[in-house]
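Right, one structure below, let's go through it.
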Amino acid sequence: MSDGSKPLPGVLRWNLGDLTVTVLNDGWFQDSAENLVTGIPAADAVGLQKSGHRPSDPRVTLNAFLITGPGRKPLLIDAGYGPLSPVDTLGRVPAALATTGVTPAEIETVLVSHLHPDHIGGLLGDDGKARFPNATLVLHADEAAHWLPDAALAKAPDGAKPYFENARKVISAYEGRVVEHRGGEVAPGIVAVPLPGHTPGHTGFRITSGSRSLLMWTDVVHLPAIQFAKPEAGVGFDVDGDQARETRKRILAEVADNGTLIAGSHLEFPALGYVARDGGGYRFVPELWVSGQQ
Ligand SMILES: [Zn+2]
């Protein structure tokens, strides 16, 4: 008998041409609209949560992604919160990854979208060492420059210092195995798409196989019930809220008009779908998942 008190891993495979994109749910965290939302009144955010049949205090989903396919080594995009998780509803990527049969030692590349702890904490094992002993980390040069230098930590406000310290801790566990980029192809069939604002080097990834393509837009949207309808709404942990808002508005218009299949770190599991224009804003249209599509 399984232990019914423990959640089953949240893991789902999608086909993309020859590739398999596996969504690995890391869990969720919850905070008040007052703490999370910027750019619109908190009461409006709560109203959108309620009309979207979501709790008044938003629950933020967190996903990482595994890319596999014939003739290629398994690749991760981000790694969840891992041992840095502040709550026990997070940190579930290792259990999700285990169900796929891919071992940490087989991961040779981790594409790092940005250096916030919910995306990189899982790069550490519970022992504080690299969880992926053979992996090279790939991240945007602006991201490294923002978080990692001694001078950046020194001048950070006290409240923000843990972000810098955690980024330095994780990256130092992979010393000598970090590659920086400025956009462009970062792995076969995967192009890094800079989406600055949430953080300076915040990056999405366009994954293409045959005639199919998916834009994993990382943290363009954290609060689906709010930000599709009101793209001007941001989150308090955007490093540059104005730039993040401009990036979000630009990408939402682009993917809606082009019919682009998207995925997101904070889109509700299983995290793939499309964006449709709806009144003055947008709405999310989940992709159809069918059992046994493999
Ligand atoms: Zn995030």
Side-chain angles (χ1 to χ4, degrees), residues 10 23-33 35-39 45 54 57-66 76-87 89-93 96 110-124 137-140 142-144 146-147 159-160 162-167 169-171 192-205 215-228 231 233-241 243-245 247-248 251-252 262-273 284:
V23 187
L24 308 171
N25 182 253
D26 197 58
W28 54 276
F29 65 94
Q30 188 165 23
D31 204 346
S32 68
N35 284 342
L36 283 169
V37 180
T38 62
R54 295 292 181 268
D57 291 352
R59 287 181 167 180
V60 182
T61 304
L62 177 59
N63 306 302
F65 297 84
L66 171 70
L76 271 183
I77 301 177
D78 293 340
Y81 229 130
L84 301 182
S85 304
V87 289
T89 56
L90 291 162
R92 296 172 180 168
V93 159
V110 181
L111 304 180
V112 176
S113 66
H114 62 304
L115 290 178
H116 273 165
D118 50 324
H119 298 258
I120 59 168
L123 293 170
L124 298 177
L137 309 186
V138 180
L139 81 161
H140 197 286
D142 290 349
E143 196 66 4
H146 179 76
W147 299 104
Y163 283 97
F164 290 78
E165 289 162 347
N166 282 330
K169 181 173 15 173
V170 172
I171 294 301
V193 180
L195 298 169
H198 178 56
T199 63
H202 175 250
T203 299
F205 300 97
L215 175 65
M216 206 300 279
W217 73 14
T218 314
D219 282 22
V220 167
V221 166
H222 293 85
L223 304 166
I226 297 169
Q227 291 173 297
F228 283 107
V235 288
F237 41 96
D238 287 330
V239 171
D240 183 335
Q243 190 183 31
R245 187 175 301 114
T247 293
R248 182 166 43 257
I251 290 296
L252 282 167
I262 59 155
S265 304
H266 300 290
L267 296 181
E268 293 168 349
F269 185 83
L272 267 70
F284 181 66

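Read the numbers this way: they start at 1 and go in the same order the structure lists the ligands and their atoms.
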Looking at the Zn ion (ligand 1), is one of the N, O or S atoms of His116 less than 2.8 Å from it?
no
Distance check below 2.8 Å: does His114 bring an N, O or S atom to the Zn ion (ligand 1)?
no
Determine which of the N, O or S atoms in Asp219 is closest to the Zn ion (ligand 1) and give its atom name.
OD2
Name, closest N/O/S atom of Asp118 to the Zn ion (ligand 1)
OD2
Strictly distance-based, threshold 3.5 Å: is any side-chain N or O of Asp26 a donor or acceptor partner for the main-chain N or O of Val93?
yes
For a side-chain contact (heavy atoms from CB on, under 4.5 Å) with Leu195, tell me which candidate from Leu215, Ile251, Thr203 qualifies.
Ile251
Evaluate the ring planes of His116 and His198, with Trp represented by its six-membered ring, and classify them as parallel (under 30°), tilted (30 to 60°) or perpendicular (over 60°).
perpendicular
Does any donor atom in the side chain of His114 or Asp219 lie under 3.5 Å from an acceptor atom in the other side chain?
yes
